[in-house]
Colleague: 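Attaching a single structure in structure tokens format; questions to follow.
Every heavy atom of this structure was used, including side-chain atoms; hydrogens, water molecules and symmetry mates were not. Heads up: numbering here begins at 1 and tracks the sequence. All values derive from a computational prediction rather than experimental measurement.
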Amino acid sequence: MLHQHDIDILNCIYKNSRMASDCIKQVEEKCDDGEFRNYIHRQQEHYEATCKELKNEIENSGAEVEQIPKMETAMAHMGISMKAFADDSLNNFAKMMYNGTNMGIIDIAETVNHSHNAGDETLKKAERLLSREEQYADGLKRFL
């Protein structure tokens, strides 16, 4: 049985991965640069796989998978649409993705730092994802 801190971390990672996947799909539709689209599409596939894995793990532990509030999702999509309407340059899309990635890093790091009773396996998962997120952010820099 997982401790509540494990569930908190797994749900945080799940929600961040779900938001990232959904937002990437929207950015992909709006951006014309093929190299950038390919780069973020690989990220999106990773986030989808992460969501699926974590959803199963959380449900198998008997806990409930937390969903992103609809208002939060709507605000993110509206923000992307407005920013893309104002500036549809590759630089702007890369900035949006970079900022979103950093928001996810901050959210996950905060959750991990406040979950002192989480198990080693959960902490390792979080660290792997944080490392991957940092790699994604570094990779986005070339598009800025």
Colleague: Ignoring hydrogens and geometry, is there a side-chain-to-backbone donor-acceptor pair from D6 to G119 under 3.5 Å?
Modeller: yes

Colleague: Are any of the side-chain heavy atoms of Y98 and K141 separated by less than 4.5 Å?
Modeller: yes

Colleague: Looking at D88 and A84, would you say the former's side chain and the latter's main chain have a donor-acceptor pair under 3.5 Å?
Modeller: no

Colleague: Transitively linked via ILVMFWY side-chain contacts under 4.5 Å: V65 with M19?
Modeller: no

Colleague: Should D22 and R18 count as an ion pair when the cut-off is N to O under 4.0 Å?
Modeller: yes

Colleague: Does the S81 side chain pair with the main chain of H77, one donor and one acceptor, at a distance under 3.5 Å?
Modeller: yes

Colleague: Can any side-chain N or O of T111 pair as donor or acceptor with the backbone N or O of D107 at less than 3.5 Å?
Modeller: yes

Colleague: Is a donor on one side and an acceptor on the other found under 3.5 Å between the side chain of Y39 and the backbone of Y136?
Modeller: yes

Colleague: If only atom types and distance count, is the side chain of N16 paired as donor or acceptor with the main-chain N or O of C12 below 3.5 Å?
Modeller: yes

Colleague: With distance as the sole test, does H41 use its side chain to make a donor-acceptor pair with the main-chain N or O of R37 at under 3.5 Å?
Modeller: no

Colleague: Could you tell me whether a side-chain N or O of N92 sits under 3.5 Å from a main-chain N or O of K83, the two making a donor and an acceptor?
Modeller: yes

Colleague: Can a salt bridge be assigned to the pair R142 and E35 using a cut-off of 4.0 Å between side-chain N and carboxylate O?
Modeller: yes

